[in-house]
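Structure record follows, encoded as structure tokens.
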Amino acid sequence: MNNNGYLIHMESVSKDFRRGSETIHALREANLSVHPGEFIAVVGHSGSGKTTLMNIIGCLDRPTSGYVRIADHKIKDLPEKELTQIRKTTIGFVFQQFFLIPTLTVLQNVMLPGLFARQNVEKRARELLGLVGLKNRLSHLPDQLSGGEMQRVAIARSLINNPSILLADEPTGNLDSHNAGNIISMFEQFNRTGLTIVMVTHNPDIATRCSKIVHIEDGCLTA
Ligand SMILES: Nc1ncnc2c1ncn2[C@@H]1O[C@H](COP(=O)(O)OP(=O)(O)O)[C@@H](O)[C@H]1O
Ligand SMILES: [Mg+2]
């Protein structure tokens, strides 16, 4: 299969939204190629199209036009069921707002996305919570944790199905600089073991720690 060795490959991808009679060009003929093992920072002002880009890479949304390939999957025209499968097996998501389920414990939150897939999901969840430094918090509820700890739970959860790509949309946006630094160190640690990461950030210090910075302005990408 000729995939040029890229894990993520986008060519001339545009995304339009309609708002009343207005058309919003959220992405304009964007090109992006990501090799396995890269750690990409996506930087741009509010409203520039960063989340739209992440949603397309994450198979949460389809482009209006252009070519998208994730691993060996050409996204165009794939039925919703297959997109869901790609999301579950290939991609992990981390968001600014954590999105933990408040009535489930730390361990249960991490296990949840793996329950349908893996026999030994609890073992893997405990292992991941160890890696993010939370092995003493397994039975806590999310509201008993600090923001930094909640985001570490979300990171462990995002990795439960062993994805090859981690998409993080402003993962440190709700954290102070100390906790933000910890989260990025954790990403670096997982990146060193082969995880490919695409991360939106507003923080220039954080962006410079990545292997590549992609700038986005009014839907246009430049490396
Ligand atoms: N579902 C949607 N419907 C209409 N407009 C949208 C939608 N999603 C995003 N947009 C618009 O597309 C542009 C890019 O948005 P977004 O990708 O969320 O930017 P960012 O994440 O960089 O802040 C903005 O003008 C936003 O208002
Ligand atoms: Mg956004």
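Because the structure is predicted, anything quoted here is derived from the model rather than measured. As the structure lists them, so they are numbered: ligands from 1, and atoms in each ligand from 1.
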Evaluation steps, side-chain contact (heavy atoms from CB on, under 4.5 Å), between H35 and Y6: CA-CA 5 Å; H35 283 109; Y6 295 125; 3.3 Å; yes
Transitive ILVMFWY side-chain link I57 to L60, under 4.5 Å: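 Result: yes, single cluster for both.
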L141 reachable from V110 in the ILVMFWY side-chain graph, under 4.5 Å edges: no
Heavy atoms from other residues, nucleotides or ligands near NE2 of H45 exceed 12 (cutoff 6.0 Å): no
Look at [atom] and say which protein heavy atom is nearest, naming residue and atom and giving the distance to 0.1 Å.
atom	answer
atom 16 (P) of ligand 1	T52 OG1, 3.7 Å
atom 12 (O) of ligand 1	A26 CB, 3.5 Å
atom 26 (C) of ligand 1	R19 NH2, 4.0 Å
atom 18 (O) of ligand 1	T51 CB, 3.7 Å
atom 19 (O) of ligand 1	G49 N, 3.2 Å
atom 10 (N) of ligand 1	F17 CD1, 3.5 Å
atom 20 (P) of ligand 1	G47 N, 3.5 Å

Derivation of the side-chain contact (heavy atoms from CB on, under 4.5 Å) call for S48 and E217: CA-CA 5 Å; S48 59; E217 197 179 328; 5.6 Å; no
S14 side chain to R28 side chain, donor-acceptor N/O pair below 3.5 angstrom: no
Every N, O or S from the protein that is nearer than 2.8 Å to the Mg ion (ligand 2):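 As for protein N, O or S atoms lying under 2.8 Å from the Mg ion (ligand 2), they are T51 OG1.
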Residue-ligand contact H45/ligand 1, heavy atom below 4.0 Å: yes
Proximity flag S46 to ligand 1, non-hydrogen atoms under 4.0 Å: yes
N-O pairing of E122 and R126 below 4.0 Å: yes
Check against side-chain hydrogen bond (donor to acceptor under 3.5 Å, both in side chains), D169 and T51: CA-CA 7 Å; D169 197 345; T51 295; 2.7 Å; yes
Interatomic spacing from CD1 in I213 to CD1 in I206 - rounded to 0.5 Å: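 That separation rounds to 11.5 Å.
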Side chain, backbone, both or neither: the part of I24 lying under 4.0 Å from ligand 1 by heavy atom: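 Near ligand 1, I24 shows its side chain, while the N, CA, C and O stay back.
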Whether F187 and F39 hold their rings parallel, tilted or perpendicular, with breakpoints at 30° and 60°: perpendicular
F95 and F99 aromatic ring geometry - parallel, tilted or perpendicular at 30°/60° bounds: perpendicular
Options H202, E170, K50, K15, ranked by nearest heavy atom to atom 22 (O) of ligand 1, top entry: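 Selected option, by shortest heavy-atom distance: K50.
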